[in-house]
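Submitted below is the structure of interest, expressed as structure tokens.
Only this structure's heavy atoms are used, side chains among them; waters, hydrogens and symmetry mates stay out. Below, read A as the first sequence line, B as the second, and so on, with proteins coming before strands; counting in each chain starts at 1.
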Amino acid sequence: MTETVRPTAYPESDPCLPAQYVPAHVEQRRYELWVAAGLFRADAGSAKPPYAIVIPPPNVTGSLHVGHALDLTIQDALIRRKRMQGYEAVWVPGMDHAGIATQNVVERQLAADGLSRHDLGRDAFVERVWQWKAESGGRILGQIRRLGLSVDWTRERFTMDEGMSRAVLTIFKRLFDDGLIYRAERIINWCPRCLTALSDIEVEHTDEDGELVSIRYGDGADAIVVATTRTETMLGDTAVAVHPDDDRYRHLIGTRVELPLTGRHIPIVADRHVDPAFGTGAVKVTPAHDPNDFEIGQRHDLPAIAILDERGVITVPGPFEGLDRFEARPAIVDALREEGRIVAERRPYPHAVGHCSRCGTTVEPRLSLQWFVNTGPLARAAGDAVRDGRVRIEPPELAKRYFAWVDNMHDWCISRQLWWGHRIPVWYGPAGELVCVGPDDEAPGTAEQGWRQDEDVLDTWFSSGLWPFSTLGWPDLTTDLERFYPTSVLVTGYDILFFWVARMMMFGLYAMNGRQPFDVVALHGMVRDQYGKKMSKSFGNVVDPLDWIERFGADATRFTLARGANPGADVPVSEEWCQGSRNFCNKLWNATRYALLNGATVDGELPPAADLGAVDRWILSRLQQVTAQVDEHFEAYEFAKVCDTLYHFAWDDVCDWYLELTKPILSAGDELAVARTRRVLGHVLDQLLRLLHPVIPFVTEELWTALTASATAAIEAPAAGIGPLTVAPAAAEPAGMHSIMVARWPSVDAAYRDAAAEADIAALQRIVTEVRRFRADQGVRPGQRVSARLAGLGALGGYEPLIRSLARIDAAGDGFAATATLSVGGRATVELDTRGTIDVGAERARLRKDLTAAEREAAQCRAKLDNPSFSANAPEQVVARIRERLVAAEAELDRLGRQLDALPDA
RNA sequence: GGGCGCGUAGCUCAGCGGAAGAGCACCCGCCUUACAAGCGGGGGGUCGUUGGUUCGAACCCAACCGUGCCCACCA
């Protein structure tokens, strides 16, 4: 099968790429080609091993920020690599309806028109949210494309779509039937602005300066002093509690005391919860407004008197009625003071206060009737799955946090007094019946018959917790579910380890009969600015990934993020670094350009190592090493190391040395050697581009296509340049579209590991660098020729022309006089004729500096070797290495000394 | 109040028991025929402090100082 391929980023008449890479010419077009060719689509029916990732669904509200870009880049890199490795890789995209967040956004829009959701009514409001979802969601999908993410668009899901809703109903019913979902009156976190219950994780604690007020309840001998930061709740007190063993109060237990301002008398009870050492050792008990007090109330059968309405306004008849809770507090303190009840005021008194994570309003503990998940058994299973190794958390340190959370989880309040979300599938009948409805059930009765459905919706995290299996078709036993569950890895920020990961674990294990939702949880950190500061709008350091994509390209943006991504570590980024990444892409572009101009090819077998020179054997050996390292780092989710390894291999080894070393070879005219090096050059770039493709997909695709296509063209029609081409896919690759996406992931070929070649080229590099350094120290102009004699090259003898070319030194002719000698690695020497070029003062200074260094080195080695404990305890290898160092240092000292003596006087 | 992590070159970080590293920034010199989004060379760190373990410590242990994050129903 053949494909017509048209290289696109450069004119057809010009066989060479332009000197700069322009991402905008490539990215969007290339993405559409990939989608059109179906390269992102997974086939559940294939025989390949499965590899699956579900996208952490972004909230439909808003747009993707740079944190998403990091998260998604990592996943794309994993998916693209596995796809190249021959896995059936599926990446399921989708979005989350984000109940409270989305409802807030739409309510704000309404508020701008002076409307509330109640003006529209429930149905119209929800309709309005769906409209917003379409608009906002479309923007996110566009961003996913711009980032080049290879998600399977045929499998896109939304947490509110029909299949997901069935999943929600199904699991709700099952949990209900198993007694793991219940309805109860409890103290929950209440947001008086959003007017809904919140779960524990939706509450953010901050330390605030409050006031600790000590109030005397009762009078005379029976008086008792309590301390509180929430003075206004005293209106709802129904007891005072003391520790049963507290001698100060033992005589009061069972008596009643007057509650100021109310005329009520409340009992003094004994409860072990009270800490006698804190404050006065006596606690006011307000069962309706404090979780601890609620429990004390339960134990002592105390009434719960609610004093606040849902907006936090005092409802108790009297002088404080109608006051907001924060107005009531000072008012009540004043009133108590007037009565002489205030014993002490401590201010400021710092203590933690909970805030609604969505709007920042101080949450109010409120007694109300809500739905809960009994998390006990679910959380235990979620912990065990990690403890017994079925699920691996990466980095492992973060597992401690996971356990701390999962092992101490309270029951989960799942009902929300919102309109946007999955409505709780419970109906209440005329006689107080309660019926939980599953996906296949009818409503038990009509409104006329007196039946009504629960008004509340479920916490967003309830449906997100089903994501890894509901997106694959659950509750139906689909092929996707069978093939791709458990998913391979979950990639997300450590910030939602509790919010989301723990929920998915609980539900996944429960719904899928003990099978975990994913094998690995790979956690990354937060994107920060170049000083490690958190990004914030008010600080003005927020990076918009689209902005970077437009200015530097999607690849540069991705590379910048991946380059900082070590497991669990925060990722600092800056515009300068993104520029650096852009430069790197451009470097690859130009390296390929060089290769194309010099006839690099991927056609035909790679020559066996035995037929190759040291330069080619060296770069191939390095390639094997790098391939192995990249694999290792990928498997450890160490993307920063993947990038670092490839960056240095590409830039230092390939560009700075290999390409330079091939220049003399390719122009030497030995046809066979030229052909072989062209083949190696083609191979190295081919493999390098493949290794980089997961992280920087666009530029690698563009270059790889050009490299593989033009090589064929050069053979078929060397003179014609590059026109539309007919390219046969290389035999070893899967048939289909010619794309690096379906090219095989490089594997290590031990036959090309070559320690000798690596040592030889390392020596060559040292020689060249030494000469360059000498020239720079001496101020020898780059264009100025210096003649030199090389000796002791050994195996590098054949590379003298290369060395001369790179170091810019001429052969020694008649009248050559060695005036300076460089010794490299105790083996090769370079004698230079520096007459007319040398700066004697500079040379003397250089020699003295080197001499001092050598002296220090020798002294250090001697000190070690003279230490009997060292030779007794240190491993053989270490001792041998120190001996070698000493020998080398002494030889160096000798040489430098003689050279210094030989130097003419200034 | 508990728990976790981090302090290595000006900035961001890698190294985690045997000769102090990278990127960017900085200095010097170069339009060397793939690339000035580039090339060559260079300076710069008693690896937070103080003790300890070891023949040997940036690396292990302890304390302290600084810093960040997470969890938290002691009023």
Please tell me which of the listed nucleotides, B/A75, B/A34, B/C24, lies nearest to the side chain of A/N590?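 Between B/A75, B/A34, B/C24, the one nearest the side chain of A/N590 would be B/A34.
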What contact category does A/K533 fall into here, base, sugar-phosphate, or nothing, at under 4.0 angstrom with non-hydrogen atoms?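 The residue A/K533 makes no contact with any strand.
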For B/A34, which nucleotide in any strand shown is its Watson-Crick or wobble partner with both distances under 3.5 Å?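 WC or wobble partner does not exist here.
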Is it true that A/E232 and A/R329 make a salt bridge, defined as a side-chain N closer than 4.0 Å to a carboxylate O?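 Yes, A/E232 and A/R329 are salt-bridged.
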Closest to side chain of A/W651, choosing from B/C39, B/G18, B/G23: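 So the nucleotide nearest the side chain must be B/C39.
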For B/G23, the Watson-Crick or wobble partner whose two distances fall under 3.5 Å: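 In the structure as shown, B/G23 has B/C11 as its Watson-Crick or wobble partner.
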The side chain of A/R808 lies closest to which of these nucleotides: B/C4, B/A72, B/U32?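 In terms of side-chain proximity for A/R808, the closest of B/C4, B/A72, B/U32 is B/U32.
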Expressed as a whole number of angstroms, how long is the span from A/N586:CG to B/C35:C1'?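 Distance, rounded to whole Å: 6 Å.
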Could you state the atom-to-atom distance from CD of A/Q579 to P of B/C35 in whole Å?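 From A/Q579 CD to B/C35 P: 20 Å.
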Looking across every strand, which nucleic acid part, if any, lies under 4.0 Å from A/A404 by heavy atom: base, sugar-phosphate, or nothing?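 Counting heavy atoms under 4.0 Å across all strands, no contact is made by A/A404.
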Could you give the distance separating B/A19 and B/C11 at their P atoms, to the nearest angstrom?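 That atom pair is separated by 28 Å.
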Going by modelled atom types, is there a donor-acceptor pair between the base of B/C35 and the side chain of A/K587 at under 3.5 Å?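 Indeed, a donor on one side and an acceptor on the other fall under 3.5 Å apart.
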Checking base pairs now: Watson-Crick or wobble, both atom distances under 3.5 Å. What partners B/C74?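 Result: none.
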So what does A/R563 touch, heavy atoms closer than 4.0 Å: a base, only the sugar-phosphate, or nothing?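 Counting heavy atoms under 4.0 Å across all strands, the contact made by A/R563 is with sugar-phosphate only.
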With both distances under 3.5 Å as the test, what is the Watson-Crick or G-U wobble partner of B/G29?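 B/G29 is paired with B/C39.
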Between B/G41 and B/G23 - P atom distance, rounded Å: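 Per the computed distance, 12 Å lies between those P atoms.
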Could you work out which one of B/C55, B/C73, B/G5 sits closest to the side chain of A/E397?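 Of the candidates, B/G5 comes closest.
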How is A/P875 classified with respect to the nucleic acid when contacts are heavy atoms under 4.0 Å: base, sugar-phosphate, or nothing?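 Base, at least one base atom sits under 4.0 Å.
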For A/D275, which contact category applies under a 4.0 Å heavy-atom criterion: base, sugar-phosphate, or nothing?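 Base contact - A/D275 has a heavy atom under 4.0 Å of at least one base atom.
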Thinking salt bridges, do A/K663 and A/E660 make one under a 4.0 Å N-O criterion?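 Answer for the salt bridge query: yes.
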Paired with B/C69 by Watson-Crick or G-U wobble geometry, both distances under 3.5 Å: which nucleotide is it?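 Matched B/C69 with B/G3 under the 3.5 Å cut-off.
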Does B/G38 have OP1 or OP2 sitting under 4.0 Å from an N or O in the side chain of A/N583?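 Affirmative; the distance criterion is met.
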Gap between atoms CG and P, on A/L659 and B/C39 respectively (whole Å):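 The answer, rounded to whole Å, is 11 Å.
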Atom CZ of A/R248 with >12 non-hydrogen neighbours under 6.0 angstrom: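 More than 12 within 6.0 Å, yes.
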Looking only at side-chain atoms of A/W577, point me to the closest of B/G5, B/G23, B/A72.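 Of B/G5, B/G23, B/A72, B/G23 is nearest to the side chain of A/W577.
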Report which part of the nucleic acid A/F584 touches: base, sugar-phosphate, or nothing (heavy-atom distance under 4.0 Å, all strands).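 Here A/F584 touches no strand at all.
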Between B/A72 atom C1' and A/E208 atom CD, what is the distance in whole Å?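 From A/E208 CD to B/A72 C1': 15 Å.
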Of all the nucleotides listed (B/A37, B/A75, B/A72), which has the minimum atom distance to the side chain of A/V274?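 Of all the options, the side chain of A/V274 is nearest to B/A75.
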Quick one: label A/C585 by what it contacts on the DNA or RNA (base, sugar-phosphate, nothing), any heavy atom closer than 4.0 Å.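 Nothing: the residue A/C585, judged by heavy atoms under 4.0 Å, touches no strand.
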Using OP1 and OP2 only, check whether a side-chain N or O of A/H205 sits under 4.0 Å from B/C71.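 Checking B/C71 against A/H205, no side-chain N or O comes under 4.0 Å of OP1 or OP2.
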Roughly how many Å apart are B/G2 and B/C61, using the C1' atom of each and rounding to a whole number?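 The answer is 24 Å between these two C1' atoms.
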Counting side-chain heavy atoms from C-beta on, which of B/U12, B/G41, B/C74 comes nearest to A/P572?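 Nearest to the side chain of A/P572 among the choices is B/U12.
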Please classify the nucleic acid contact of A/A872 as base, sugar-phosphate, or nothing, using heavy-atom distances under 4.0 Å.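 Since no nucleic acid heavy atom lies under 4.0 Å of A/A872, the category is nothing.
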Selected nucleotide, minimal atom distance to A/E857 side chain, candidates B/G42, B/A19, B/C24: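 When the side chain of A/E857 is considered, B/A19 is the closest of B/G42, B/A19, B/C24.
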May I ask which nucleotide in the shown strands pairs with B/U54, Watson-Crick or G-U wobble, both distances under 3.5 Å?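 By the stated definition (distances under 3.5 Å), nothing pairs with B/U54.
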Which listed nucleotide (B/A34, B/A22, B/G15) is nearest to the side chain of A/D644?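 Of the candidates, B/A22 comes closest.
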Between the base of B/A34 and the side chain of A/E660, is there a donor and acceptor pair under 3.5 angstrom?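 Present.
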In whole Å, measure the gap between the C1' atoms of B/G38 and B/C47 for me.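 To the nearest whole Å, 34 Å.
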So if I take every side-chain heavy atom of A/R773 and compare against B/C55, B/C74, B/G41, which nucleotide ends up nearest?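 The closest nucleotide is B/G41.
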How far apart are the closest heavy atoms of A/V226 and A/V283, and which atoms are they?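 That would be CG1-C, 4.1 Å.
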Taking CD from A/E295 and P from B/C74, how many angstroms apart are they, rounded to a whole number?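 Between P of B/C74 and CD of A/E295: 12 Å.
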Does atom CZ of A/R299 have more than 12 heavy-atom neighbours, drawn from other residues, nucleotides or ligands, at distances under 6.0 Å?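 Atom CZ in A/R299 is packed in, count exceeds 12.
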Provide the distance between the two P atoms, one in B/C24 and one in B/C31, to the nearest whole Å.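 To the nearest whole Å, 22 Å.
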In plain terms, say whether A/R885 and A/E857 are close enough for a salt bridge, that is, a side-chain N and a carboxylate O under 4.0 Å apart.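 The answer is yes: the pair qualifies as a salt bridge.
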Write down the distance separating the P atoms in B/G66 and B/G56, rounded off to the nearest Å.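 Here B/G66 and B/G56 have their P atoms 32 Å from each other.
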Once you apply a heavy-atom cut-off of 4.0 Å, does A/R401 come out as touching a base, just sugar-phosphate, or nothing?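 Base, at least one base heavy atom under 4.0 Å.
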I want to confirm an ordering. Mapping A/N873 and A/Y531 to their closest nucleotides on RNA chain B, which one lands closer to the 5' end?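 Taking each residue's closest nucleotide, the earlier one in sequence belongs to A/Y531.
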Pick the C1' atom in B/G18 and in B/A9, then give their distance to the nearest Å.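 These two C1' atoms come out 23 Å apart once rounded.
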Identify the nucleotide, in any strand shown, that forms a Watson-Crick or G-U wobble pair with B/G17, with both distances under 3.5 Å; if there is none, say none.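 Its partner is none (no Watson-Crick or G-U wobble pair with both distances under 3.5 Å).
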Rounded to whole Å, please give me the gap between CD1 in A/I266 and C1' in B/A75.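 Rounded to the whole Å, the gap is 14 Å.
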Can you tell me the distance, in whole Å, between the CG atom of A/L596 and the P atom of B/C35?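 Taking CG of A/L596 and P of B/C35, I get 13 Å after rounding.
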State whether A/E364 and A/R230 are salt-bridged, where the test is any N-O pair (Lys NZ or Arg NE/NH1/NH2 against Asp/Glu carboxylate O) under 4.0 Å.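 Judged by the 4.0 Å cut-off on N to carboxylate O distance, A/E364 and A/R230 do form a salt bridge.
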Base, sugar-phosphate alone, or nothing: which one does A/K663 contact when heavy atoms must sit under 4.0 Å apart?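 The answer is base, as A/K663 lies within the cut-off (heavy atoms under 4.0 Å) of a base atom.
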B/G68 C1' sits how many Å from A/M526 CE, rounded?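 The distance from CE of A/M526 to C1' of B/G68 comes to 13 Å, rounded to the nearest Å.
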Starting from the 5' end of RNA chain B, give me the residue, A/D570 or A/W657, whose nearest nucleotide shows up first.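 Upstream on the strand: A/D570.
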Would A/R563 pass as a cation-pi partner of A/Y647, given that its NZ or CZ must be under 6.0 Å from the six-membered ring centre and within 45 degrees of the axis?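 Satisfied, under 6.0 Å and within 45°.
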Rounded P spacing from B/U8 to B/G48 in Å: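 Roughly 6 Å separates the two P atoms.
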Salt bridge or not between A/R862 and A/E890? Use side-chain N to carboxylate O under 4.0 Å.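 Salt bridge present between A/R862 and A/E890.
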Flag the pair A/R551 and A/E575 as a salt bridge only when some basic side-chain nitrogen lies within less than 4.0 angstrom of an acidic carboxylate oxygen.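 Yes.
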